[in-house]
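Comments concern the structure below.
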Amino acid sequence: MPVNKAEFVKSSASLKECPRPDKPEYAFIGRSNVGKSSLINMLCMKGVLAKTSVTPGKTRLINHFIINDSWYFVDLPGYGYARVSKSMIKEFDRTLFHYLTKRDNLYCVFVLIDSRIPPQANDLAFVNRLGSLQIPFAIVFTKTDKTTHNKITGHTRSFKTEMMKTWEELPPCFYTSSVTRSGREEILAFIEKTGHQPAIDG
Ligand code: GTP
Ligand code: MG
């Protein structure tokens with residue numbers, strides 16, 4: 001599916017500031033520096049649509065982009081960033097889960113996982129939390145250009161094995177590189193397919 005148009009809409013500090021929920025919405029979440037903003041730019045073929053950060057943990061707000069005038073992409077703050085205070089982490093967490101559980105037009109949350117490292121406790125905890133709240137999600141293993149095929153296979157297999165300890169079914173999984181653009185067509189095809197279905201309750 002071609003992306004002909006991609007525009008920044010607004011940054012919101014909370015759910016109530018978000019744009020009217022009148023179009024399918026796909027959000028991107030994951031640990032700081034995992035490559036959320038880079039992936040959004042890669043999907044849209046835009047160099048600087050979403051701000052990528054040299055300093056991890058830069059994205060603080062709920063950032064909406066409108067794609068092809070048809071659906072929203074949302075760049076969310078990264079979790080697991082150690083250099084912010086505990087109270088700030090707690091506040092982000094509340095805002096984030098308020099958005100994730102109450103946003104009516106949220107079709108899918110893409111949870112980004114770094115393919116270069118073995119399963120991390122906070123990633124698994126986050127995925128399990130989404131699952132228990134029945135928030136629809138897919139997994140995106142990122143930065144595949146930065147590691148070997150064997151490592152990607154090993155890490156992603158371990159991650160899936162960990163998930164299967166809790167869940168009967170695996171969510172859709174994608175493998176991406178913002179550098180080589182691999183995984184782009186697969187994600188866009190998934191969006192095209194799910195975008196025609198009615199929103200899932202949550
Ligand atoms: P926060 O907003 O701080 O949570 O980070 P983020 O998840 O949005 O990560 P961002 O896209 O800013 O990327 C972090 C760093 O990783 C940047 O230096 C990117 O250039 C780099 N990066 C992201 N994706 C890839 C990738 O697929 N391959 C490679 N080689 N580098 C990547
Ligand atoms: Mg970012």
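Counting begins at 1 with the first residue of the sequence. Remember, it's 1-based here, ligands and their atoms both numbered in the order they're listed. The figures that follow rest on heavy atoms only: side chains count, while hydrogens, waters and symmetry mates do not.
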Distance-only donor-acceptor check, side chains R31 and N33, under 3.5 Å:
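No - no donor-acceptor pair under 3.5 Å links their side chains.
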
Pairing donors with acceptors under 3.5 angstrom, does anything connect the side chains of D114 and T142?
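No pair is found: no donor N or O on one side chain lies under 3.5 Å from an acceptor on the other.
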
Quick one: closest heavy-atom pair of D145 and S177, and the distance?
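Smallest heavy-atom distance, with atoms named: OD1-OG, 2.8 Å.
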
Does any N/O atom on [X] come nearer than 3.5 Å to any N/O atom on ligand 1?
X	value
T144	no
V34	yes
D75	no
S38	yes

Does a sphere of radius 6.0 Å around CD in E17 hold more than 12 heavy atoms from other residues, nucleotides or ligands, not counting ones at 6.0 Å or beyond?
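Enclosed: over 12 neighbouring heavy atoms sit under 6.0 Å from CD of E17.
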
Would you say K151 has more than 12 foreign heavy atoms packed within less than 6.0 Å of its NZ?
no

Output the list of atoms in ligand 1 that are nearer than 4.0 Å to some heavy atom of [X], sorted by atom number.
X	value
S37	8 (O), 11 (O)
S32	4 (O)
S177	27 (O)

From D114, N33, I40 - option closest to atom 15 (C) of ligand 1 by heavy atom:
N33

Ligand 1 versus D145: contacting region, heavy-atom distance under 4.0 Å
side chain

Hey, is K146 touching ligand 1 through its side chain, its backbone, both or neither, going by heavy atoms under 4.0 Å?
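Side chain only; the backbone of K146 stays clear of ligand 1.
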
Within the 6.0 Å centroid threshold, strictly below: Y99 and F92
no

N/O/S of S37 less than 2.8 Å from the Mg ion (ligand 2)?
yes

Walk me through whether R20 and D104 qualify under salt bridge (Lys or Arg N to Asp or Glu O under 4.0 Å).
CA-CA 10 Å; R20 226 155 46 85; D104 295 332; over 6 Å; no

Would you call K165 and E162 a salt bridge, taking side-chain N to carboxylate O under 4.0 Å as the test?
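Judged by the 4.0 Å cut-off on N to carboxylate O distance, K165 and E162 do form a salt bridge.
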
